[in-house]
Every structure is written in C-alpha cells, then in structure tokens.
Amino acid sequence: MLTLKQINENKEDVIARLSIKNFEGKDLIEEVIHLDTQRKTIQRKLDSLLAEQKALSKEIGNLFKQGKTDEANEAKQKVSDLKEDSKELATEMDNTEKSISSILLKIPNLPHASVPKGKTADDNVEVKSGGTIPSLPEDAKPHWELAKNLNLIDFELGVKITGSGFPVYKGKGAKLQRALINFFLEENIAAGYSEMMPPLMVNEDSAYGTGQLPDKDGQMYHVQTDNFYLIPTAEVPLTNVFRGVILNASDFPVKLTGYTPCFRREAGSYGKDVRGLNRLHQFDKVEIVQIEHPSKSYDTLDEMVAHVEGILQKLELPYRILRLCGGDISFTSALTYDFEVFSTAQEKWLEVSSVSNFESFQANRLMLRYREEGEKRNQLAHTLNGSSLALPRILAALIENNQDETGIVIPKALQPFCGFDRI
RNA sequence: GGAGAGAUGGCCGAGUUGGUCGAAGGCGCACGCCUGGAAAGUGUGUAUACCUCACAAGGGUAUCGUGGGUUCGAAUCCCACUCUCUCCGCCA
C-alpha cells in the first residue's frame, strides 16, 4: 500500500497518477489525509495524558514507601480520572487508525510515468517482438489435440480425479514438464538467482503481505480448517521471506528463484479461453523475485525483462513484449511488462510471463526495509518479480509451433533436459 | 492426537513475593584509546514504530509471542489464542 507520507506530500500528483489506472481517488485521498491529521491530534492528546498518568503512578509508589498514604490515595483518584479520558481517546485513536488502513488498502499502487493510458488489454503497447512465426501445414492441430494424440496430457483423467483445469501429464508430456522446469531454473541460477523451494500454502499474514488479500480474496483456494491459502504464485512465499526484515543497503540486489505449482480458482472464466492449457486451476511456474534499492529498481526491471527474453529466444518461440496500460496493470504494480508467445495453431498470443516493479507498495505492507550506510532512518525497499516462466502456455505454443507430419520437434536448448529430440 | 515445559532486545540470558525495567550481564557489531600492526586490554555506543520537530538534536508515547482483563502502576497476576521444545501415540 501507499505510505501516508507519499500521499501527504504529493496529493495532487497521487490523484493524477491514480487516474491513469482509471482509479478515481480524489475523495479517498482527501479523506485519508483528513483522518491522518485527526490521528495526529488525538495522539498528541493521548500521549500527554498517558505521560501524566505514568508520572503520577511512579509518584504513588514513592509516596507509599514514605508512608504518605493520604497523598498517595489522592493521587490514585486523580490517575483514575485521567484514565477515563485516555480510554476514550485510545478508542478514538484505534478507530481512526483502522479507518486509515482500510482506506489505504483500497488504493492501488501509483503507475510509473511510462505507463500508457488505456482501459483494456487492447491499449497495451508493444515494445518489442522477436522470433519467427512458423508456417504450419494445412492440417495443423491445436495443442489439446496434439497432446491427446501423442498421449502427453490427459485432461479427462484430471477431471475425474479433481475437476476441470487440473490436467494429468503423462509419459513424455510429464518429462517435458520436468525438463522445462529444470531448464528455467538453471537459466535463472546462471543469472545469479538463488533457488528456494517454499511452502505451497501460506498464512493470512503472507497473503496480505504481497497484496493478494484483501484485493484478490476469492481467487485463492482457502484451506479453512487451518486458515491457509494455496499459493497463486511463488511470488507470495518468496517475497514473504522478507516480511519484517531490515536489510543493509549492501545486501542488494537480493535475487531469488523458485519452482512451484500455482493454484488459482479463476472464478468466472469460461469458453475458449480455458480450452486445453490456456487457463488452469493448477499449473507449474518458475518465478524470479528481486529486492532492490529504490534508486536501481527500474534498471533491475529492465534486466529481468532482458533475462526472460533470453530464455524465450533459446526456446525459439515467437514472442512479443507489452508494456501494460493503466487499465490492465495490476493493483499492486507500478510498471509491468507482459510476455506473450504466439500460438500458431490457435492464431493467438498467450501470456507466459509478467514482470513487474512494485516499488515500495509491497514493501510497505511487508515492512521490508533497508538501512543506508551511516543513515539512521530505515527506508522501504523495492520489490520486483516475474515469471521465468509459466509452463502451460509455453508448452502449448511449443508443441503447436513445432509440430510436423509425424510429431513434435524439441528445441535444441531443451534436449539435454528431456533426453529426446522429438516426440 | 495425549502429557509436560517454554516464548524477553541481532544472538545468549537475568528478571515472575507487581513500582524508578525498554529491561542486568555476556556475546556480537560500530567508533575511540592502547599497539609498529594485530590480538588481548580498555572506554563509549548499539531495537522498532508513531507524535513533537527541520526525516537534526532533544523530548513524549507504545512495544518483553498475540489479543483482552485486574491494578494508581504488569515483562512480572488472570483469561483466550498462536507458536516452539521434550516425552508418548500415529506416520511418508
């Protein structure tokens, strides 16, 4: 969430930038500033009342020791009276603070200056593309047919075991999954990321920490008996590693990668968007996360984009990179680049990665700070993350684009990881 | 799941007949002295948030797992919850 300092010091700018995200924030901003002023007034009063009580209470101890019982009892009464007042103020303070934070939770992150205006995905700006879209034979098939014919994925079996959106990978299909996971992890490790295997369920604090709650409640699977959430992305556990942590400026950049399955309820999705591997309730993804110094986070974002692009090039897939417009960018992000690969048989672009800079938005909720050498005051760090990469749509594009008369050709970079060069 | 013990500052650890305890002591860390240099020794400092304020100094408030209660006053007493450890049970 935004800090009160950000809001107080740049009110007009905050409102203007929120409007890029199509968020009408004027009223909320005004209100939160007002409440904050109120809070300060209350705290001043409350603190001085408490200070008086504290001093008197100490005095009472002394008086009793000296045997001045009458004076002590007199002071007791006085403190009791003061306490009445401070109790009221404390309640007021509490309510005001609650109102403030409930408003702050509703305000999205400020978009970066380079975020284009726009309402929908059509307004996203293509910043780069690469690879070659292959020309496929007349009878080219979409991935769900290929996967079935070649016995790589059994969607019906997944329905039987669990439900739609939970595919079963079989034989070479399963091995291809493992190969992709290893390939991605090795690429990330080679780029300086440390691997971590985090829990697949997180507690409520963690879900709040990265902003999934309260914004995306209902999109996550919730294990109610234990109040755990199944992770929708490894971003949640990996970033929460740093919840409440104070780093040294010299610790930057912190680079983590991790493979996890991801679980999403995807309520409301239907039709061709969910066909085959296009949208699943459980899918595999390798994630990259960085914690960075505020002055370097945009360079780091560029570096992460270049890194993901390099992987797509090794996979020889046709891709494009989009800068998301205000209407399509997420609640928590300041700037996001989406990667899409072209699925030739479906003739459409599929999102396979989303790389974002959250600036201090997540860090504020996480209380993730750093200490500058020689400075006393702690600052909020910047957090970034990206998929590197999400498996299902990569797999979809891979088998569609590389199909020939008798099967599927495996790209060179992947062959050492799967141990075969075609299916 | 059953029985018991415990949760204190970066770490270890005192404090639980309630009072001057944000908290002894040690370690670690930072800076200084000492030294040719280092070690040892020695001195000083070393939590977080908010308020006041210039995001200075100084001052104030809160925080000893979390939330509530008793009391003039709680790390210390009471209640609930969470977590950790030990033993038993179960188990990949």
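Note that the structure is predicted; figures quoted are calculated from it, not measured. No hydrogens, no waters, no symmetry mates; every other heavy atom, side chains included, goes into these values. By convention in this document, chain letters (A, B, ...) are assigned in the order of the sequence lines, proteins followed by strands, and residues within each chain are numbered from 1.
Remark: Y370(A) engages F252(A), H293(A) in a ring pair (Phe, Tyr, Trp, His ring centres under 6.0 Å) (not counting sequence neighbours). Residues satisfying the ring pair (Phe, Tyr, Trp, His ring centres under 6.0 Å) test with F23(A), not counting sequence neighbours, are none. Under the ring pair (Phe, Tyr, Trp, His ring centres under 6.0 Å) criterion, Y208(A) pairs with no residue at all, not counting sequence neighbours. For the side-chain hydrogen bond (donor to acceptor under 3.5 Å, both in side chains) test, no residue two or more places apart in sequence or in another chain qualifies with S360(A). The side-chain hydrogen bond (donor to acceptor under 3.5 Å, both in side chains) test applied to T96(A) returns no partner, not counting sequence neighbours. H222(A) is linked by a ring pair (Phe, Tyr, Trp, His ring centres under 6.0 Å) to Y229(A), counting only residues two or more places apart in sequence or in another chain.
The gap from the C1' atom of U66(B) to that of A57(B) amounts to 36 Å, rounded to the nearest Å. Taking atom C1' in both G45(B) and C27(B), the straight-line distance is 16 Å, to the nearest Å. When the P atom is compared between G73(B) and G22(B), the two are found 15 Å apart, to the nearest whole Å. A62(B) and G68(B) have their P atoms separated by 15 Å, given to the nearest Å. Taking the P atom of each, G6(B) and A14(B) are spaced 12 Å apart, rounded to whole Å. The gap from the P atom of G18(B) to that of A74(B) amounts to 13 Å, rounded to the nearest Å. Taking atom C1' in both G4(B) and G9(B), one finds a spacing of 29 Å when rounded to whole Å. Distance check on atom P: C85(B) versus C77(B) gives 24 Å, rounded to whole Å.
Between Y193(A) and H307(A), the ring planes lie tilted relative to each other; the angle falls in the 30° to 60° range.
Distance N378(A) CG to G10(B) C1': 14 Å, rounded to the nearest Å. Atom P of nucleotide U82(B) and atom CD of E204(A) are separated by 14 Å, given to the nearest angstrom. Separating the CD1 atom of I246(A) from the C1' atom of C29(B) is a distance of 15 Å, rounded to the nearest angstrom. One can place CG of D36(A) at 14 Å from C1' of U52(B), the figure rounded to the nearest angstrom. Rounded to an integer number of Å, the gap from R39(A) CZ to C51(B) C1' is 8 Å. A straight line from CG of L49(A) to P of C51(B) spans 18 Å, rounded to a whole angstrom.
Considering only side-chain N and O atoms, R371(A) lies under 4.0 angstrom from the phosphate OP1 or OP2 of U48(B). Applying the 4.0 Å criterion to OP1 and OP2 of U52(B), one finds that R44(A) has a side-chain N or O inside that range. For the pair N203(A) and U82(B), the criterion of a side-chain N or O lying under 4.0 Å from OP1 or OP2 is not met.
With hydrogens and angles ignored, the 3.5 Å screen pairs no side-chain donor or acceptor of T257(A) with any backbone N or O of I288(A). Within the 3.5 Å criterion, the main-chain N or O of L185(A) finds no donor-acceptor partner in the side chain of N188(A).
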Write down the protein N/O and nucleotide N/O pairs, taken from nucleotides 53-58 of chain B, whose separation is under 3.5 Å; answer none if there are no such pairs.
none

**Asked** Once each nucleotide of nucleotides 61-81 of chain B is scored for protein heavy atoms under 4.0 Å, what B/S/- sequence comes out, 5' to 3'?
**Response** SS--------BBS--------
**Prompt:** Using Watson-Crick and G-U wobble pairs with both distances under 3.5 Å, what is the 5'-to-3' dot-bracket string of RNA chain B, with [ ] for crossing pairs and | for pairs outside the strand?
**Reply:** ((((((((.[[[..)...(.....]]]((((((.......))))))((((((.....)))))).[[[[[..)....]]]]])))))))....
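Between atom OG1 of residue T69(A) and atom CD1 of residue I60(A) there is a gap of 12.0 Å, rounded to the nearest 0.5 Å.
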Let me check something: any side-chain donor-acceptor pairs from residues 157-171 of chain A under 3.5 Å, sequence neighbours excluded? List them with distances.
residue : atom : partner : partner atom : Å
K170(A) : NZ   : D154(A) : OD2          : 3.3

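Among residues at least two apart or in separate chains, ring-ring contact (aromatic ring centres under 6.0 Å, His included) pairs with a member in residues 84-113 of chain A are H112(A)-Y298(A). Residues in residues 90-99 of chain A take part in these salt bridge (charged side-chain N to carboxylate O under 4.0 Å, His left out) pairs, two or more places apart or across chains: D94(A)-K98(A).
Among the heavy atoms of the strands, none lies under 4.0 Å from N73(A).
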